[in-house]
2 protein chains.
Amino acid sequence: MKKITIGEAARRSGVKVPTVRYYESIGLLAAPSRSDGNQRSFEPADINRLAFIRHARELGFEIEAIRTLLTLQDDPHQSCASADAIAKARLVEVEQRIRSLMALKAELETMVEGCGHGRVDQCRVIEVLADHGQCTHPHH
Amino acid sequence: MKKITIGEAARRSGVKVPTVRYYESIGLLAAPSRSDGNQRSFEPADINRLAFIRHARELGFEIEAIRTLLTLQDDPHQSCASADAIAKARLVEVEQRIRSLMALKAELETMVEGCGHGRVDQCRVIEVLADHGQCTHPHH
DNA sequence: CTACATCCTCTAGCGACTAGAGATGCAAGA
DNA sequence: TCTTGCATCTCTAGTCGCTAGAGGATGTAG
């Protein structure tokens, strides 16, 4: 078994070095064995786990959700209902966030289009912000 | 002039009481005068300013951007080019975020649809997370 | 043997709040 | 007047998920 340093693990998993240490510190990743000089020595399985975490983070899952997903992965005989529920909840969140951002986009477009590029007292950007009643899109 | 308490200001502007104090502490809102008993006493203009901040925050502007927008509002003879630039930058951010979230949505949908509701070792949610190569959508 | 990159631990900082402790202030009812 | 009870005050510390930096040890190539 050749040793995998933290830098190598970071490169292979796409997780940054300090973040790897951070994940270890919060117990998301088991503490790896150490070299004679006290340097971390990772196993290939650790790389997979880090890549899993990274992918889940990119999908916007919170650390606690990932913790649950990882315990599920560790015990493949369990029902995947929890995993399914977590993913579904995340899907609902994402859908909501998209809807909300679309409304913001529309409002920002109105603001920017209305801007006559003159002085602030005729600026629709400032005006719309100051008076919420001018909001065409009742998103909030 | 009747006094507006912090609670009243919070209710009228839609900004929470501790957040009003926070905005004062970071200099986004001028420190209001105080009553005999050292309680904050706001002016109607403060309510407008708070509402402005709240609206801008809802649109996702960062505090520092809002600080700039507020100084522009305070001096209406300035050119509104900065306000326009800030809003445009925010629009670009929002558009990017929407695109990214659409990709996530698609991936999450694939995961959830593929889940046979059986055991974890056949669960597509876990599987896709573990193996990024299975990602149909190359969003990252 | 010497450079130099990489590693170690530790603490503090980011943004934008939020929560809580413990001490006053204030308005209304008995 | 007294009391009840909510609102307010200041202050510190916590949230999330890292990120930056100090100051030192280790590992490797020439």
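We name chains A, B, ... by the order of the sequence lines, and we start the count at 1 in each one.
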Separation of [X] atom [atom1] from [N] atom [atom2], in whole Å?
X     : N      : atom1 : atom2 : answer
B:E8  : C:dC26 : CD    : C1'   : 15 Å
A:E64 : D:dT15 : CD    : P     : 11 Å
A:N38 : D:dG24 : CG    : P     : 17 Å
B:E24 : D:dT8  : CD    : P     : 14 Å
A:D36 : C:dC8  : CG    : P     : 14 Å
B:K3  : C:dG25 : NZ    : P     : 13 Å
A:L50 : D:dC18 : CG    : P     : 12 Å
B:R34 : D:dC9  : CZ    : P     : 6 Å

Flag the pair [X] and [Y] as a salt bridge only when some basic side-chain nitrogen lies within less than 4.0 angstrom of an acidic carboxylate oxygen.
X     : Y     : answer
A:R11 : A:E8  : yes
A:E24 : A:R21 : no
A:D46 : A:R12 : no

*Atom pair CD (A:E95) and CG (B:L108), whose distance is rounded to the nearest 0.5 Å*: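 It comes to 9.0 Å.
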*C:dC17 phosphate, OP1 or OP2: any side-chain N/O from B:R57 under 4.0 angstrom?*
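For C:dC17, OP1 or OP2 has a side-chain N or O of B:R57 closer than 4.0 Å.
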_Distance test, side-chain N/O of A:T5 to OP1/OP2 of C:dT6, below 4.0 Å_ =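 Result: no.
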*Of A:T19 and A:G37, the one whose closest DNA chain D nucleotide lies more 5'*: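 Result of the comparison: A:T19.
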*Taking the nucleotide of DNA chain D with the closest heavy atom to each, which residue, A:K16 or B:I6, is nearer the 5' end?*
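Whichever sits nearer the 5' end wins; that is B:I6.
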*asked:* If you define the side chain from C-beta out and look only at heavy atoms, does anything of B:T5 sit under 4.5 Å from B:S41?
replied: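 Not touching, per the 4.5 Å side-chain cut-off.
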*Looking for any heavy atom pair under 4.0 Å, which part of the strands does A:R40 touch: base, sugar-phosphate only, or nothing?*
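Contact class for A:R40: sugar-phosphate only.
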*Closest nucleotide of DNA chain C for B:S35 versus for B:F61: which of these residues is on the 5' side?*
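That would be B:F61.
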Consider the side chain of [X], meaning its heavy atoms from C-beta on, and name the nucleotide among [options] that approaches it most closely.
X     : options               : value
A:V17 : C:dG25, D:dG17, C:dC7 : C:dC7
A:P18 : C:dC17, C:dC8, D:dT19 : D:dT19
A:Y22 : D:dG27, D:dC9, D:dC18 : D:dC18
A:R21 : D:dC18, C:dA16, C:dC7 : C:dC7
B:Y23 : C:dC17, C:dC8, D:dT10 : C:dC17

